[in-house]
Amino acid sequence: MGLEDYLSSNPHRDWVLKYLAESLWYPGDLSLVRKVTSAVWEELSSVGSLYRADVEREGWESVEQRLISCWRRDLLRYKNPDEVVWGELNGLNPQVLRIVKGIFPSVSHYGKPSAAAMRAEPPEPPPDFHDIPSQRKSRKPIAAAAAAVVLLVVAFYVAFSQGLLAIPTQEAVPDTAPPEILYTGPPDGSQVMNPVKIVARYSDDKMVNVSTVRLLVNGSEITPTRITPNEVEYSAEFPLGKCEVTLTLSDLSNKTASATWSFTVSSCLQVVGSSVLEEINSARAALGLPLVDPSLEYVAANYRAQDMLAGGYFNHYDLSGRLPNFHYTSLGGAYYIEENLGYIYFPPVNADRAINSSRELVHDMIYDDAASGWGHRDSLLDPTNNRAEVGVAWNGSCLFLVVHMVKEWVSWSNPPHLSNGAFSCSGDLTLNGSTLKSVVIYYSDPCDHDDFSYSASLRVLVGEKSYGLGSQVAGVAPAPMFYPGLQTIRPTKWSISGQSFSVAFNTYGLRSIAGQGLYTVVFYASNTLGVQHPYDPDRYSGELPVLSYTILVS
């Protein structure tokens, strides 16, 4: 393959194009620009090593322009490069930056390029040999200057010893100002991950007495890792939770200063959860929607992320064809969830990139979700979702993000459970004026959802692009009520009084309805929230689900 063919088509660009063609998780602007940038790095490296002679003959400027043209031609099949506007990248090589900006001319906030360059620049030529002064000629001026310095020192000493030269005395200035604490970190109220570095900077008009500097963490004094007249530092692994730090110090006149601040040490999962929640709530606040709170308990989101990482697949259904609500129920979930998934293959992935990438994925779910029919956006911005549970898992090259949007609108007195084939629960709806309206049962056959294929671009197994609870097959209602077209199951207990309810029924007959598989019991209540969805006003406008409880019938 010659240079012309390589510039027109090469494996580095093909990787990005195949990724786009999959459209299972269509990347947003930032994700796309980053993938292209990574591929451009590889292209330039290959061109420089495989076609060095051709490049020297043609010139790098021509090669760069042809690369830009080929990239724009190929990307246009999937996305107009001129419409890509988000591409914040830092530390880029100048040559890579020129090419990426040529591919995406509408991006206006690239990071500044680094000082590195893809190609080596020739060194500065040495000066002509006759321009270098002779060392022999330079000795006389140096000797003369040294003699002058000696004579000056002798004259100064004689004048000072005979009283002809006197150094004026200076009156002592009293030390009246206490030390000033200029900075403390981590910032007060911040959330950080291990290892933690505690830093404080201070100053004094005279000098801080270093021996008086004391650091206390949660009331216990610690020995600083480093201490100077202007700064103290302590680095260590801290237990998760809140830490309160107190700094005290004095100057040489025993004037004191002190400061107290606190921060929270969190796991990476907690920091990802906070970042994702901030991104969701920022979009909801801009639309005047109620904000979501974090789930009080982590139930299934992190399990789902870890399961996909371990199984090497990316799909709402697991490798056995079971929908996410099954795992939510199995792990103790007691409300209604909607699962949103994100995935990135972009090595290397570390803790910092996991946090930033998770937030970027959620941003794309809200603002760049056309390829998924805006399903992620509609879920994340649904006003009837009032809590969110976030899970994340990654290795060195890929990251899986799971966001469970939760409708937590029941205060359970008897949480839903299954005992000896009998399902029962009771509680109070927390939506003012709401009442339980119906109980519907859906059926899903795992054998219909366990077909996976390997995606070479994503490096994982992929299946369906969306999921559902299945088909409606039955409903629970007391006589004489019934569900048209569905099998009606008579409850053993059915009590509804205002916002309170208590329901129980036997599940032994479920297998005769549709056979083996997953049956999901869904409770629907009247929607009295009074807030419409900004993009789909009819979404749950009359009734909303408040419970999904999935039962495996074998």
Show every donor-acceptor pair shorter than 3.5 Å between a side-chain atom in residues 177-187 and any protein atom, with sequence neighbours excluded, or say none if there are none.
none

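- Salt-bridge check for D82 with R72: passed, with a basic side-chain N closer than 4.0 Å to an acidic carboxylate O.
- Taking the six-membered ring where tryptophan is involved, the planes of H12 and Y6 are perpendicular, since the angle between them exceeds 60° and thus also 30°.
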Inset, instruction - May I have the step-by-step check of side-chain contact (heavy atoms from CB on, under 4.5 Å) for V96 and T37, ending in yes or no? - result: CA-CA 7 Å; V96 176; T37 301; 3.9 Å; yes
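- Using a 30° and 60° split on the angle between ring planes, H363 and Y367 fall in the tilted class, from 30° to 60°.
- Among all heavy-atom pairs drawn from R284 and L380, the shortest one is NH1-O, 2.8 Å.
- Residues W60 and L44 form a side-chain contact, since some pair of their non-hydrogen atoms from C-beta on lies under 4.5 Å apart.
- Contact annotation: the side chain of I355 approaches that of M193 to within less than 4.5 Å [non-hydrogen atoms, C-beta and beyond].
- The distance from the NZ atom of K407 to the CG atom of N386 is 8.5 Å, given to the nearest 0.5 Å.
- The distance from the CZ atom of R214 to the OG atom of S258 is 11.5 Å, given to the nearest 0.5 Å.
- A donor-acceptor distance shorter than 3.5 angstrom exists from the side chain of R13 to the backbone of L7, with no hydrogens or angles considered.
- Of the inter-residue distances, the one linking R201 atom CZ with L247 atom CG reads 12.5 Å to the nearest 0.5 angstrom.
- The two residues S253 and D251 come nearest to each other via the heavy atoms N-OD1, 2.9 Å.
- Between the CZ atom of F104 and the CG atom of L32 there is a distance of 4.5 Å, given to the nearest 0.5 Å.
- Looking at D307 and Y313, their side chains do bring a donor and an acceptor atom within 3.5 Å of each other.
- Between V84 and L75 the shortest side-chain heavy-atom distance does not fall below 4.5 Å.
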Legend entry - Check against side-chain contact (heavy atoms from CB on, under 4.5 Å), Q306 and L309: CA-CA 5 Å; Q306 297 290 346; L309 177 65; 4.3 Å; yes
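- For the atom pair CG (N385) and OH (Y336), the distance works out to 9.5 Å, reported to the nearest 0.5 Å.
- Note: F314 and F400 have tilted aromatic rings, judged against thresholds of 30 and 60 degrees for the angle between ring planes.
- At a threshold of 4.5 Å between non-hydrogen side-chain atoms, the residues F238 and N194 count as touching.
- The structure places CZ of R304 at 5.5 Å from NE2 of H327, a figure rounded to the nearest 0.5 Å.
- The two residues A300 and Y328 come nearest to each other via the heavy atoms CB-CA, 3.8 Å.
- Checking H316 against E339 by side-chain atom types alone, a donor-acceptor pair falls below 3.5 Å.
- Using modelled atom types, one finds a donor on one side chain and an acceptor on the other under 3.5 Å when comparing T384 with D382.
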